[in-house]
Q: 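Below you will find the structure I want to go over with you.
The residues of the chain are indexed from 1 along the displayed sequence.
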Amino acid sequence: MISPQSVAPERRREAPSFSSFFGMKKWLMVLGLLLVVFMFVVPVFRLLLLSVLDNGTWSSAHYESIWKEAATWTAVRNTLYTTAGSTILSLVLGVSMAWIMAYVHLRGKRWMQLFIFLPFIIPSYITTLAWIQFLGKSGPVFSLFGWAPNLYSMGGIIFLLGMSHYPLVYLFTVDVFRKIPRELEDAARTSGAGRKHVLLKVVLPLALPGIAGGGLLAFLTNLDNFGIPAFLGIPANIRVLSTYIYEQIAGFGPSSFARAAVLSVLLGAIALAGTFLQWLLLKKSRVTETVVRDTNPRIYLASRPQQLLEAGIWLFLGVTSLVPFLAMGALSLIKAYGLPFRPENLSLENYYYVFLEDAKTGSALWNSVWLAVFTMGICLVAGTALAYLRYRGDGFLAKWMELFVTVPYALPGTVLALCMIFAWMQPIPGWNPGLYGSVWILLIAYVTRFFVLQVRGSYTALLQVDPSMEEAAKVSGAHGWVKWRRILLPLLFPGLAGGALLVFLMVLTELTVSSLLWSTGSETIGVVIFNYEQAGYTTYSTAFASVLVLAILTGGLLFTALSRQWERKVMKKR
């Protein structure tokens, strides 16, 4: 009797599987590694090289010049203040909400989580516009109380950065809380420990890896953010390193690129310092977490306290996640900025001008959409291929490639934009392909920056598939494409689509990288909204932003509905 195992190799020779593409000879892997190095590592190297060269010779002149300027240390100080303050705020809000959602019995948690993620889903510069209108002199807060906080300040920048990025801390922390064994808490209480002692001595130390991971990501995102410091800091003459680099490039001085390169190294050094601090925290953490998620509530409140807590959470989520956007939408209907919100002052003229009269808007929409689609497609195919290589454990080359593609995403956006400029003005010495100043450099920059998001999403999706299913398909003689189309893709679709959607949304609303790479004819949505606001056309910027928010929310709801239908379809096939 012939066993299936003895037939399988013969069938694979007759019909090479799609998976065998990823197991080609080592020289193809080396070629792929070299391509990854050229695309993801060389730009960073050229940035560092420019900062230490002066007229073709090694020199520290640029560093000495930058370090002697008071404006540099003012920008560094402002960067440290805003980043540290906003990270602390993100940690407090994110950890608190994660603990409540993981442990306390509440009604409507699914909808609460949707509103928790809303400030992060919406681009931060649009969130800034919403809060400006909410707390502005023509907003509801000033109308009711005759006073409103000044967002054009250090405190305003810290507040909006923290509010925009606390969902990242929540995302990293909530599952860690759910994985902490409740038996440890029960044992501590049996020993006489109170709830506060259990929280401080048991729960938080065990949750430290998730808290540190979320805190680091919030720190890097706050450090990288350009939109909030630009919208609030530039009018108030508050420079941080990201906006200071932007000013250097916009100045087009004789040494502007070299100065920007030095400032980028400083910004990167701060990012590395934050990463090192996280490493120290995790090194001291000698705890582990369970694998199984316990989603059952651990704390049940009496009826009255539970109602009060639910009302408080909904009030917080409504004020922070919904009301500012409603205020922004209301302002977009005002004929002129500063007029009160009355029926006689309402009109659709702002929308008419933005979408039907201003040619830049249509061009920006087209540029952003096709850049997002192409970036998503490239990342989906190539990123899933690299993720499959990592999943199959194809040696150290795949691991090094994954490490290299992570570098551009870890860099602040302004630093990456400079890397793109230096790398692609002359990718090969003596050859200028004319990419700088065109829309193509934006495509290269977006792929370079967001490629790792698809790799991580696809790799996570692959981990959810039992390897025995792929082996069973091979033994049964299924051709490569048949195996992927009938077995793997239906199982992987939610994870692949989730990563692709994240890449699409990131590119569609991107501002930090685009602010340094755009040129006439290659404007993007973020650039047009930013230019409107900088020129004083607030009603136009809010009109454009309101439509974008509606489009993002609609797309998110459609994606959720389609994902559920797909999961039901897969379950029926099983």
Side-chain angles (χ1 to χ4, degrees), residues 118-119 121-143 151-152 227-228 230-232 234-235 321-373 439 442 504-511 514-515 518-558:
L118 193 60
I121 296 173
I122 305 300
S124 61
Y125 58 89
I126 293 181
T127 302
T128 306
L129 280 177
W131 277 96
I132 289 173
Q133 309 319 319
F134 180 54
L135 298 178
K137 290 187 176 181
S138 58
V141 174
F142 192 88
S143 300
L151 289 178
Y152 295 94
I228 293 175
F231 276 69
L232 300 180
I234 291 178
S321 301
L322 184 61
V323 175
F325 295 105
L326 296 178
M328 181 182 69
L331 179 68
S332 68
L333 298 173
I334 300 293
K335 292 180 181 179
Y337 185 71
L339 293 177
F341 189 77
R342 296 175 181 172
E344 61 270 18
N345 296 328
L346 303 183
S347 172
L348 295 175
E349 292 178 1
N350 298 321
Y351 290 89
Y352 182 84
Y353 174 80
V354 169
F355 293 102
L356 296 179
E357 291 187 358
D358 192 351
K360 289 184 179 180
T361 302
S363 175
L365 283 170
W366 168 249
N367 288 336
S368 292
V369 170
W370 82 258
L371 283 169
V373 170
V439 74
L442 287 172
F504 180 86
L505 289 177
M506 287 290 195
V507 174
L508 187 70
T509 59
E510 207 283 328
L511 174 61
S514 307
S515 64
W518 77 279
S519 59
T520 303
S522 63
E523 296 91 349
T524 61
I525 289 174
V527 169
V528 170
I529 293 176
F530 176 66
N531 289 342
Y532 275 146
E533 188 66 19
Q534 290 298 103
Y537 300 119
T538 301
T539 53
Y540 295 158
S541 62
T542 53
F544 201 169
S546 298
V547 172
L548 189 60
V549 169
L550 288 176
I552 292 174
L553 291 178
T554 303
L557 292 174
L558 288 175

Q: Could you tell me how the ring of Tyr532 sits relative to the ring of Tyr537: parallel (under 30°), tilted (30 to 60°) or perpendicular (over 60°)?
A: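 Perpendicular: the ring planes of Tyr532 and Tyr537 meet at over 60°.
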Q: Write down the atom of Val369, the atom of Phe504, and the distance for their closest heavy-atom approach.
A: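 Minimum heavy-atom separation between Val369 and Phe504: O-CE1, 4.3 Å.
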Q: Assess the residue pair Leu356 and Tyr351 against the criterion (side-chain contact (heavy atoms from CB on, under 4.5 Å)); give the C-alpha distance rounded to whole Å, side-chain angles, the decisive distance to 0.1 Å, and a yes or no.
A: CA-CA 8 Å; Leu356 296 179; Tyr351 290 89; over 6 Å; no
Q: How close do Phe231 and Ile529 get, counting heavy atoms only, and between which atoms?
A: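 Heavy atoms of Phe231 and Ile529 come nearest at CZ-O, 4.4 Å.
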Q: Calculate, to the nearest 0.5 Å, the distance between atoms OG1 and CE belonging to Thr128 and Met328 respectively.
A: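 With rounding to 0.5 Å, OG1 (Thr128) is 10.5 Å from CE (Met328).
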Q: OG/Ser515 to CD/Glu510 distance, rounded to the nearest 0.5 angstrom?
A: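 These two atoms lie 7.5 Å from each other.
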Q: How about Leu129 and Ser541: do any of their side-chain heavy atoms sit closer than 4.5 Å?
A: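 Side-chain contact under 4.5 Å: yes.
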Q: Judged by atom type as modelled, is there a donor-acceptor pair below 3.5 Å linking the side chain of Tyr125 to the main-chain atoms of Thr509?
A: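 The answer is yes, because a donor-acceptor pair under 3.5 Å joins these two groups.
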Q: Is there a side-chain contact between Val528 and Thr524 (heavy atoms, below 4.5 Å)?
A: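 In short, these two side chains do not touch, never coming nearer than 4.5 Å.
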Q: When you compare the side chain of Leu550 with that of Val547, does any pair of heavy atoms fall below 4.5 Å?
A: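 Side-chain contact under 4.5 Å: no.
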Q: Ignoring hydrogens and geometry, is there a side-chain-to-backbone donor-acceptor pair from Lys335 to Asn350 under 3.5 Å?
A: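 Side chain of Lys335 to backbone of Asn350: no pair is present.
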Q: Give me the atom names and distance for the closest heavy-atom approach of Phe142 to Gly136.
A: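 The answer is CB-O, 3.3 Å.
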Q: Apply ring-ring contact (aromatic ring centres under 6.0 Å, His included) to Phe544 and Phe355, showing your working.
A: CA-CA 8 Å; Phe544 201 169; Phe355 293 102; 5.4 Å; yes
Q: Please find the pair of heavy atoms, one from Gln133 and one from Pro140, that lie closest to each other, and give the distance.
A: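 Where Gln133 meets Pro140 most closely, the heavy atoms are O-CD, 4.2 Å.
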Q: Given 3.5 Å as the limit, does a donor-acceptor pair link the side chain of Glu349 with the main chain of Tyr353, or not?
A: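 Absent.
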Q: Check whether any side-chain N or O of Ser368 sits under 3.5 Å from a backbone N or O of Ile525 as a donor-acceptor pair, and report yes or no.
A: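 Side chain of Ser368 to backbone of Ile525, a donor-acceptor pair under 3.5 Å: yes, one is there.
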Q: Any side-chain heavy-atom pair from Leu326 and Phe134 closer than 4.5 angstrom?
A: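 No, their side chains stay 4.5 Å or more apart.
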Q: Are the side chain of Ser363 and the backbone of Lys360 linked by a donor-acceptor contact shorter than 3.5 Å?
A: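 Checking the backbone N and O of Lys360 against the side chain of Ser363, no donor-acceptor pair under 3.5 Å is found.
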Q: Do Ser546 and Phe325 have side-chain heavy atoms sitting under 4.5 Å apart?
A: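 Result no, sub-4.5 Å side-chain heavy-atom pair not found.
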Q: Please name the residue in the list Leu331, Thr538, Leu232 that meets the side chain to side chain contact (heavy atoms under 4.5 Å, CB included) test with Ile132.
A: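 Checked Leu331, Thr538, Leu232 against Ile132; only one passes side chain to side chain contact (heavy atoms under 4.5 Å, CB included): Leu232.
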Q: Is it the case that atom CH2 in Trp366 sees more than 12 heavy atoms from other parts of the structure closer than 6.0 Å?
A: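 Counting neighbours around CH2 of Trp366, 12 or fewer heavy atoms of other residues, nucleotides or ligands fall under 6.0 Å, so no.
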Q: Closest approach of Val141 and Leu135, non-hydrogen atoms and distance?
A: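 Nearest heavy atoms, Val141 then Leu135: CG2-CD2, 3.7 Å.
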Q: Work out which heavy atom in Ile552 is nearest to a heavy atom in Pro123; give both atom names and the distance.
A: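 Looking at all heavy atoms of both residues, the closest pair is CD1-CD, 3.9 Å.
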Q: Please examine the side chains of Leu333 and Ser347, heavy atoms only from C-beta on, and report whether any two atoms are closer than 4.5 Å.
A: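 The answer is no, as the side chains (C-beta and beyond) never meet within the 4.5 Å cut-off.
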Q: Answer yes or no: is there a side-chain heavy-atom contact under 4.5 Å between Asn531 and Trp518?
A: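 Heavy-atom side-chain distance check passes, below 4.5 Å.
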Q: With no hydrogens and no angle check, do the side chains of Thr539 and Thr542 hold a donor and an acceptor under 3.5 Å apart?
A: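 Their side chains do not contain a donor-acceptor pair, so the 3.5 Å distance test is not met.
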Q: Are any side-chain N or O atoms of Glu523 and backbone N or O atoms of Gly521, one a donor and one an acceptor, separated by less than 3.5 Å?
A: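 Yes.
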